[in-house]
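Within every chain, numbering begins at 1; the chains are lettered A, B, ... in the order of the sequence lines, protein sequences first and strands thereafter. Any value given below was found using the heavy atoms of this structure, including those in side chains, with hydrogens, waters and symmetry copies removed.
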There are 2 protein chains.
Amino acid sequence: MQTAVLKEVTIDNVIFGLDGNKLQILLVKHAIGESKGSWGLPGGRIGMNQDIDAAAAAALYDLTGARDLYLEQFRAFGRVDRARERVLTIAYYALVRPESCAIAPGESAEAVAWFDIKDVPPLIFDHREILDFGLAFLRHKIRHEPIGFNLLPDKFTLLQLQELYEGILDVSLDKPNFRRKMTKMNLLVSCNEKQQGVAHRAATLYRFDPAVYESLMEQGFVFVV
Amino acid sequence: MQTAVLKEVTIDNVIFGLDGNKLQILLVKHAIGESKGSWGLPGGRIGMNQDIDAAAAAALYDLTGARDLYLEQFRAFGRVDRARERVLTIAYYALVRPESCAIAPGESAEAVAWFDIKDVPPLIFDHREILDFGLAFLRHKIRHEPIGFNLLPDKFTLLQLQELYEGILDVSLDKPNFRRKMTKMNLLVSCNEKQQGVAHRAATLYRFDPAVYESLMEQGFVFVV
DNA sequence: CCAAAAGTGTTAGCGTTACACCCATGT
DNA sequence: ACATGGGTGTAACGCTAACACTTTTGG
């Protein structure tokens with residue numbers, strides 16, 4: 001076995017957002033280099049003295065202006081690029097509230113935009129594979145851990161939550177049963193507050209409390225949708 | 001952001017085996033370098049023109065002499081080592097039948113041995129974290145995909161399979177219910193053969209057929225233990 | 001009043017759980 | 001005979017799926 005000398009190690013972020021009940025993904029159009037003019041996943045490089053998670057968070061901050069977003073590594077991908085140099089990329093997925101961040105193209109991008117997950121343009125390199133892998137990861141994870149709330153406002157209705165799952169998992173759910181399932185978990189905390197200015201009966205607003213989840217976990221509770 | 005120049009990118013393999021109903025892990029004792037004399041995960045480097053999966057498979061082959069083992073990447077880990085150089089490692093886990101491979105220490109190891117998962121010695125670097133992560137990954141995966149068979153002989157009894165799950169998940173299962181669950185899946189193929197030379201009623205031998213699993217999947221079947 | 005969404009109630013059926021029990025075989 | 005594991009039966013329970021129904025609100 002020989003020592004590898006890599007050209008570089010990069011970060012690729014699969015950034016998910018939600019528009020109503022439609023799952024969106026944030027892409028950038030590259031302004032320089034071999035892939036100029038094509039859409040791809042936003043990313044960055046890993047600084048020499050930087051934790052890889054920190055590098056991913058920094059790349060995410062540069063693009064969205066938001067910190068403390070839900071961000072998790074899901075896999076490393078290797079490929080040999082056009083110049084026959086090995087490129088290694090570590091892929092993360094993030095959950096973002098689109099309305100609460102100020103998207104700005106970085107130096108090397110000429111455009112940034114949200115795309116419906118069902119209408120993604122051709123992507124550079126192996127980014128389509130990375131996206132598909134990240135989406136599968138999200139679909140699995142969101143059913144087994146209460147992370148979906150990161151895509152919703154702090155206060156949300158049960159219907160919003162249901163539409164989130166319907167949008168991400170691409171299924172339709174029975175409203176009464178979904179409500180019962182959620183409320184029976186004792187995971188959601190009522191805000192004792194109602195929706196405002198809607199043209200129908202106002203729904204109760206709920207919030208997700210990580211502390212409640214912690215204490216339920218200690219009692220052996222397992223989140224499943 | 002600055003360009004990273006890594007000292008190296010390595011592979012770490014978390015290699016699982018089964019001894020009866022006890023989950024085992026394969027460790028090496030390092031013979032050279034800063035970690036001489038300590039136990040750690042076996043690994044290797046990534047060749048320049050090598051797929052990262054191939055690099056992991058090669059490292060596994062060097063150690064076990066076996067090919068085509070179950071091997072899957074689960075995560076990349078970054079750390080800054082003693083010389084303040086960044087080290088990046090990509091971690092894989094493998095499932096092995098201990099009796100069907102010839103373990104041999106490579107050049108840089110003075111010993112190789114199986115350890116009970118509940119009795120692992122202190123490990124170098126961040127290998128304990130990697131091991132824990134890999135174990136959690138295995139425990140999850142083995143419940144949702146039929147990969148456990150890679151730890152058993154081709155032909156096995158239902159009790160062996162049950163003990164596999166009990167050992168890996170560290171739970172005890174009800175025998176009648178486990179049997180029914182497995183047989184009702186129609187996933188296992190009877191070999192029309194019985195155990196030989198046992199001091200009790202001989203059990204039926206079964207095998208796992210990937211083709212059967214494929215066809216069940218097409219009908220929407222989902223494997224869960 | 002109507003539309004739209006919030007909520008509640010009810011039932012059949014399925015799967016899991018827990019445990020009792022009989023069967024076959026080598027020592 | 002007995003220990004050991006193979007293998008079957010069954011009843012209670014809880015959860016889910018499916019759908020009918022009532023309630024509240026703005027237009």
Q) Given Trp114(B) and Ile25(B), is the side chain to side chain contact (heavy atoms under 4.5 Å, CB included) satisfied, shown in steps? A) CA-CA 5 Å; Trp114(B) 288 102; Ile25(B) 181 177; 5.5 Å; no

Q: Output, in order, the C-alpha distance, side-chain angles, deciding distance and verdict of side chain to side chain contact (heavy atoms under 4.5 Å, CB included) for Glu166(B) and Ser172(B).
A: CA-CA 5 Å; Glu166(B) 291 179 332; Ser172(B) 75; 4.1 Å; yes

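Under the 30°/60° scheme for interplanar angles, the aromatic rings of Trp39(A) and Phe115(A) are found to stand perpendicular. Using the six-membered ring where Trp is involved, Phe223(A) and Tyr213(A) have ring planes that are perpendicular, over 60° apart on the 30 and 60° scheme. Taking the six-membered ring where the residue is Trp, Phe208(A) and Phe149(A) present parallel rings, their angle staying beneath 30° rather than reaching 60°.
In this structure, Phe178(B) places its CZ atom 20 Å from P of dG9(D), rounding to the nearest Å. Distance Glu163(A) CD to dA4(C) P: 14 Å, rounded to the nearest Å. When the P atom of dC21(D) is taken as reference, atom NZ of Lys175(A) falls 16 Å away, rounded to whole Å. One can place CZ of Arg179(B) at 16 Å from P of dC23(C), the figure rounded to the nearest angstrom.
Defined by atom type and a distance below 3.5 Å, a donor-acceptor pair is missing between the side-chain atoms of Thr204(A) and Ser190(A). For the residue pair Ser38(A) and Lys29(A), no side-chain donor N or O sits within less than 3.5 Å of a side-chain acceptor on the partner. Residues Glu72(A) and Tyr93(A) have side chains that bring a donor and an acceptor to within less than 3.5 angstrom of each other.
Contact check of residues 190-206 of chain B against DNA chain C (heavy atom, cut-off under 4.0 Å) returns Val198(B), Ala199(B), His200(B), Arg201(B). Within a heavy-atom distance below 4.0 Å of DNA chain D, no residue of residues 215-225 of chain A is found.
Residue Leu158(B) is classed as having no contact, given no heavy-atom separation below 4.0 Å to the nucleic acid.
Looking only at side-chain heavy atoms (C-beta outward), Val198(A) and Gln195(A) come within less than 4.5 Å of each other.
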Q. Which letter, B, S or -, goes with each nucleotide of nucleotides 9-17 of chain C from 5' to 3', with contact meaning a protein heavy atom under 4.0 Å?
A. BB------B

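Asp116(B) places a side-chain N or O within donor-acceptor distance of the main-chain N or O of Lys118(B), the cut-off being under 3.5 Å.
Between Ile168(B) and the options Leu151(B), Val225(B), Asn21(B), a side-chain contact (heavy atoms from CB on, under 4.5 Å) holds for only Leu151(B).
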